[in-house]
Amino acid sequence: MTVSFPALGLILLFPALGFVFNVFFGARAGRNAVNVVGPLVLFSAFGIATWAFVTLLMMPAGSALRTTLWPWIEAGAFHVNVALSLDALSGVMVMVVTGVGALIHLYSVGYMEHDDDYARYFAYMNLFAFSMLVLVLASNLLLMFVGWEGVGLCSYLLIGFWYQNPEYAYNGRKAFITNRVGDAGFVLGILTILAAYGARGIWTLNFTAMRTNAHLVAPAMATAACVLLFLGATGKSAQIPLYVWLPDAMVGPTPVSALIHAATMVTAGVYMVARLNFLFTMAPAAMELVATVGAVTAFFAATIALVQPDIKRVLAYSTISQLGYMFLGVGVGAFSAGIFHLMTHAFFKGLLFLCAGSVMHALGGEQDMNKMGGLWKKVPITYATMLTASFALAALPPFSGFFSKDMILEAAYANNHFVLWLLGVATAFLTSFYIFRLIFMTFHGESRVEPDKQHHIHESPPVMTIPLIVLGVLALVGGWVGLPKGLLWGEAFSRFLAPVVGTFHPAFEPSVAMLTVVSVGLALAGLALAYLFYIVQPGLPALLAYQARSAYEVLLNKYYVDEFYNLVIFRPLFWIATFALSRVVDTFAIEGLVNGTGLTVETGGEVARRVETGNVQQYAFVYVLGVVAIVAYYLYLVTH
Amino acid sequence: MTVPYSWVMALSAAIFVIGVAGVLLRRNVLVMFMSIELMLNAVNLGFVALARRLGTMDGQVIVFFVMTVAAAEAAVGLGIIISMFRNRETVNADELNLLKW
């Protein structure tokens with residue numbers, strides 16, 4: 001059942017108004033006004049979204065709310081409208097984006113209290129929320145792409161928020177340009193889809209129409225489109241090979257990392273794959289690619305997170321790793337599991353970043369975990385909520401991450417992707433280790449805080465701790481909507497999404513108990529190992545790092561991927577630009593052409609101007625010659 | 001006896017060519033100016049002769065126009081020559097060659 005629901009437009013309108021207010025009047029209106037308007041528009045959007053979502057829940061399964069704002073492109077049989085649609089999938093996304101977004105906006109009020117550029121900050125944040133909502137509410141691929149580019153822009157603006165530092169500005173550009181590579185694939189994917197449907201006489205980019213006519217598309221075209229779109233997803237969602245921008249994006253304000261680089265924007269790729277599930281299921285090769293890239297990224301990023309000393313970088317690599325899980329989920333056909341993990345991850349990873357921000361706030365911006373320790377008594381709320389989020393990330397029952405991550409691993413196992421499952425459970429072990437390493441290094445053991453910062457340590461104000469507590473509760477209970485089959489309302493989440501993303505069909509029924517024991521056991525092992533390394537024997541990590549220093553160096557330097565890209569891509573491009581293009585093509589071809597034109601005209605003029613002697617009688621003589629010639633010509637005509 | 005028209009036309013052409021030669025060859029601007037008057041009058045002579053030959057008044061009317069224009073042109077031209085002489089203290093066309101590269 002499809003119902004027209006014009007209030008969907010309001011969900012977009014509120015953040016848009018917030019952006020306009022903050023960008024034009026924010027600085028003049030003052031900090032108090034901005035602090036009210038910035039979060040308020042998000043809470044308003046959350047209110048409307050809740051109303052719409054409840055309306056959707058009341059309707060029969062498979063319903064959708066729609067509204068068409070205005071026609072956009074009319075070209076013969078091809079129409080694109082600026083139209084919004086809220087079905088089960090976008091409903092979950094909108095609730096996450098507005099809900100977590102509103103909490104993070106509220107938190108930002110406290111986090112940015114010492115920053116003079118609060119108006120610009122909230123303007124960008126509101127613009128981001130608007131773009132992200134366009135992305136998830138769009139009823140067609142083209143409008144989705146508008147949101148996709150919008151969030152990329154806001155990501156760039158907010159990474160480089162403190163642009164006075166050249167390194168931060170550089171990292172912003174790095175994120176933007178890396179995303180351009182992926183987005184080129186996305187655009188080609190859209191065009192491929194258009195051609196694939198157009199070849200069957202259907203000119204559309206509307207999701208509903210695409211889904212209805214998916215069976216007409218040639219499988220080869222579907223594969224091509226899916227691979228190209230997935231390239232876009234690897235850029236936006238930080239997967240191999242385009243993940244390099246996300247760790248460097250951590251130079252932005254921490255709430256930005258929580259909202260954009262953990263909870264919402266980076267999950268856009270997963271949402272896109274789930275949204276186009278009907279195309280991906282037609283392209284098994286592309287699905288295989290998605291699952292493999294996801295699993296490998298999950299493992300790869302987790303190993304890097306093991307040794308990073310920077311609290312935010314650990315979380316950044318953790319995000320890449322968890323996004324890999326989501327792609328593993330959707331790649332093996334368990335789309336609802338991927339979205340489920342997206343949701344719980346938004347709760348607990350958003351929370352982890354906010355807690356990290358709270359710790360940094362307490363320590364005057366310190367990010368190095370070697371200069372933390374023993375903080376738990378001084379920041380008890382931050383500690384308690386961060387611990388909750390860590391249990392969720394480590395996937396220990398009954399925390400939210402447990403249900404979603406196990407759903408993905410079960411799906412991978414049940415679909416005969418044994419190797420990928422193995423990578424997944426290995427990652428689960430690493431995840432548990434690195435997150436408890438973070439907890440122990442930050443909150444336990446001896447205090448290693450620099451003396452001049454000791455007296456300054458304080459718990460954050462309520463405006464920051466309330467969002468922490470709300471997200472902490474969500475990180476604990478958020479996974480309960482997706483309990484395993486046969487337990488209370490088992491699989492409610494998957495059933496809710498099934499009309500949009502389909503049901504997962506396992507190749508065989510695995511022993512869920514055995515899989516759960518394996519993954520939980522490994523998570524506990526990771527926790528125990530971290531306890532041994534950082535509490536019982538604090539000298540052990542340094543010893544191990546010394547014993548296996550080559551491996552340690554490789555991990556610490558992130559497998560030298562940045563250096564590799566620098567060598568293989570950046571340097572040659574830079575050489576082409578500075579030498580081949582600038583010195584050769586520009587100097588000889590372009591300048592030759594331009595200067596040659598000028599020189600030709602100048603030389604020609606130099607020669608031709610000698611005719612102008614200034615002697616009137618010479619001019620008159622030429623004139624007479626002309627007259628004689630004309631008269632002679634007419635005489636000739638008359639006589640012949 | 002009447003003079004044949006061809007003689008009159010030949011005279012007109014001869015005077016015209018003398019005028020052209022004067023403009024092209026003489027260096028004195030004043031003489032060049034007089035040569036131009038000569039050319040105008042040569043044309044006038046042709047007009048009058050042909051008007052009589054064709055038995056219409058058109059040619060004679062044109063001659064009045066030409067004479068009017070020639071009078072105006074003489075006034076302007078002499079004015080220019082005088083002001084040129086004041087500035088350059090010469091009326092030699094070879095030396096009045098500023099109009100060039």
Side-chain angles (χ1 to χ4, degrees), chain A residues 173 572-640, chain B residues 5-6 9-10 12-47 50 66 70 73-74 76-85 87-101:
Chain A
R173 292 201 300 279
L573 280 178
F574 193 74
W575 182 85
I576 290 172
T578 53
F579 182 77
L581 288 180
S582 170
R583 297 236 189 98
V584 179
V585 177
D586 203 45
T587 310
F588 294 106
I590 308 288
E591 282 187 23
L593 204 65
V594 173
N595 291 347
T597 312
L599 201 65
T600 310
V601 172
E602 201 183 320
T603 317
E606 196 67 41
V607 172
R609 77 185 202 182
R610 298 289 161 191
V611 174
E612 307 287 321
T613 56
N615 188 322
V616 188
Q617 287 174 314
Q618 283 181 18
Y619 301 166
F621 180 65
V622 174
Y623 177 73
V624 169
L625 279 185
V627 171
V628 169
I630 290 170
V631 170
Y633 174 67
Y634 276 98
L635 276 179
Y636 176 81
L637 284 187
V638 171
T639 51
H640 287 80
Chain B
Y5 292 107
S6 54
M9 293 308 289
S12 168
I15 296 171
F16 189 84
V17 170
I18 291 167
V20 170
V23 169
L24 292 185
L25 299 175
R26 295 300 299 265
R27 293 291 178 259
N28 189 323
V29 175
L30 210 59
V31 177
M32 286 164 69
F33 195 67
M34 286 158 65
S35 301
I36 290 171
E37 297 298 319
L38 211 55
M39 286 155 72
L40 287 169
N41 283 311
V43 171
N44 278 353
L45 187 60
F47 271 124
L50 284 172
V66 171
E73 179 243 336
V76 174
L78 285 172
I80 292 173
I81 291 169
I82 288 168
S83 101
M84 228 155 52
F85 183 76
N87 279 310
R88 308 290 310 271
E89 297 196 348
T90 177
V91 287
N92 189 334
D94 280 351
E95 291 168 35
L96 297 170
N97 61 354
L98 276 177
L99 200 69
K100 65 169 182 187
W101 47 272

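Chain letters run A, B, ... following the sequence lines, proteins first, then strands; residues in each count from 1. For the numbers below, each heavy atom of this structure counts, side chains included, while hydrogens, waters and symmetry mates do not.
A distance-only check finds a donor-acceptor pair linking the side chain of B/Arg27 to the backbone of B/Leu25 [under 3.5 Å]. Without hydrogens or angle criteria, B/Thr90 side chain to B/Phe85 main chain gives no donor-acceptor distance under 3.5 Å.
Side chains of B/Phe33 and B/Glu73 form a contact here, defined as non-hydrogen atoms less than 4.5 Å apart.
With sequence neighbours excluded, the residues that form a ring-ring contact (aromatic ring centres under 6.0 Å, His included) with A/Phe574 are A/Phe570. By the ring-ring contact (aromatic ring centres under 6.0 Å, His included) test, A/Phe579 pairs with A/Trp575, sequence neighbours left out.
Of all residues spanning residues 620-640 of chain A, those with a heavy atom less than 4.5 Å away from chain B's heavy atoms are A/Ala620, A/Phe621, A/Val624, arranged by number.
Sorted by first and then second residue, the ring pair (Phe, Tyr, Trp, His ring centres under 6.0 Å) pairs with a member in residues 581-619 of chain A form an empty list; sequence neighbours excluded.
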